[in-house]
Amino acid sequence: MRIPAGEIVVLVGRSGCGKTTTMRMINRLIEPSSGTITIGGRDVTAMNPDELRRGIGYSIQQAGLFPHMTVARNVATVPGLVGWDRKRIAARVDEMLALVGLDPGVFRDRYPRQLSGGQQQRVGVARALAADPPILLMDEPFGAVDPITRGLLQDELLRLHAELRKTVVFVTHDFDEAVKLGDRIAVLGDRSSILQYDTPARILAAPADATVADFAGADASLKQLTLTRVREVALGDCPTAGENDPPDDLRAALDDGDWGLVLDARRRPLRRVSAPQLTHANSLRDTGSPVGRTLPLESTLQDALDALLADRTATAVVVGEQGEYAGVVTIDTLVGHLSDARAAADSPGRTTDSAESRGAV
Ligand SMILES: Nc1ncnc2c1ncn2[C@@H]1O[C@H](COP(=O)(O)OP(=O)(O)OP(=O)(O)O)[C@@H](O)[C@H]1O
């Protein structure tokens with residue numbers, strides 16, 4: 001198994017399959033009895049354990065903070081060990097707290113027990129990042145917080161990762177979390193045997209065996225919709241007209257069951273109009289009904305599904321950055337996308353482990 005530098009790889013598997021053991025072998029808290037683990041081509045067992053661990057941030061469930069130390073001293077642990085001077089450490093602590101969304105002035109001198117679970121997790125991540133290690137091991141770091149906070153922390157990790165490009169090995173037993181965070185997912189069986197190591201899209205579209213399929217869940221297709229942004233699919237179109245245009249052209253463009261969009265001067269959708277609503281209309285100004293929720297191009301196809309299920313015409317209207325009309329998503333768009341994804345995953349010549357050996361771990 002190769003983990004390319006700068007990617008997030010998620011180890012996922014049932015309780016007791018050996019995820020934590022695998023992580024602890026990477027930073028040599030446990031020594032492998034056979035096999036080798038290399039980082040940047042060097043066998044970890046040949047490296048000085050202290051030096052090795054300084055290059056690897058480690059954050060664990062329930063943050064694992066030292067309860068008798070302030071937040072600042074917790075975050076300063078590794079920089080202190082490697083001999084940074086006090087000024088540099090203080091600046092780094094503040095920088096890291098701000099990075100994980102905690103105001104240093106407020107949180108620096110608190111003790112872990114004075115923080116919520118989510119805040120403790122953030123401090124745990126700040127501590128793991130403090131000495132700027134190229135590799136981050138995160139063992140169920142968000143396991144002990146409520147689902148909403150968990151979602152926020154996941155978003156935060158993705159933002160941090162886009163900024164810092166660390167190599168992250170992340171353990172979870174929550175497949176949804178793996179799909180959201182992972183560039184790649186390793187689904188592990190007993191004793192960490194690798195059942196499948198691939199991108200989330202390919203695991204969802206073509207699970208390697210029944211165990212992986214079971215893990216991915218019966219709603220694997222729905223999960224796939226979370227992986228694709230609206231901007232990545234071919235959007236449908238519908239007839240449109242400006243609100244100052246005469247209604248005739250739009251009327252001519254609409255068949256009986258159809259509807260069109262009235263746009264403002266900057267092409268932002270205002271109202272939907274149906275053919276019957278146009279029959280006696282003299283102007284498009286007050287005709288039709290409000291367009292309702294529109295979808296930014298950055299939304300996922302899962303958001304699109306939500307939006308179109310709530311709409312009477314089962315169509316979601318997509319808008320660009322300035323709110324301008326960009327197209328529509330229908331059920332056909334979503335079904336088409338899922339069958340394309342399955343066809344791509346099934347096609348011969350695909351590589352299961354395409355990771356190149358520029359790997360960090
Ligand atoms: N490669 C391996 N070979 C033999 N035994 C292993 C291996 N990996 C893990 N084990 C053993 O399996 C048990 C569970 O391992 P571990 O705690 O790493 O699982 P886990 O997947 O992290 O579990 P959880 O999700 O419950 O935290 C431990 O007793 C460990 O020693």
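Indexing begins at 1, ligand by ligand and atom by atom, following the structure's order. The residues of the chain are indexed from 1 along the displayed sequence.
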So which pairs with a foot in residues 145-174 pass ring-ring contact (aromatic ring centres under 6.0 Å, His included), sequence neighbours left out? Phe142-Phe170
I need the contact residues for ligand 1: any residue with a non-hydrogen atom closer than 4.0 Å to the ligand, ordered by chain then number. Arg14, Ser15, Gly16, Cys17, Gly18, Lys19, Thr20, Thr21, Glu140, Arg191
Identify each donor-acceptor pair in which a side-chain atom of residues 131-138 lies under 3.5 Å from a protein atom, sequence neighbours left out, and give them as a table.
| unit_1 | atom_1 | unit_2 | atom_2 | d |
| --- | --- | --- | --- | --- |
| Asp132 | OD1 | Lys166 | NZ | 2.4 |

Verdict with reasoning, Val230 to Val329, per side chain to side chain contact (heavy atoms under 4.5 Å, CB included): CA-CA 8 Å; Val230 168; Val329 174; 4.2 Å; yes
Exam field: side chain Arg184 to backbone Val9, donor-acceptor pair closer than 3.5 Å: no
Short side-chain donor-acceptor distance under 3.5 Å, Thr172 and Asp174: no
Could you pull out all residues at least two apart from Arg267 that satisfy salt bridge (charged side-chain N to carboxylate O under 4.0 Å, His left out)? none
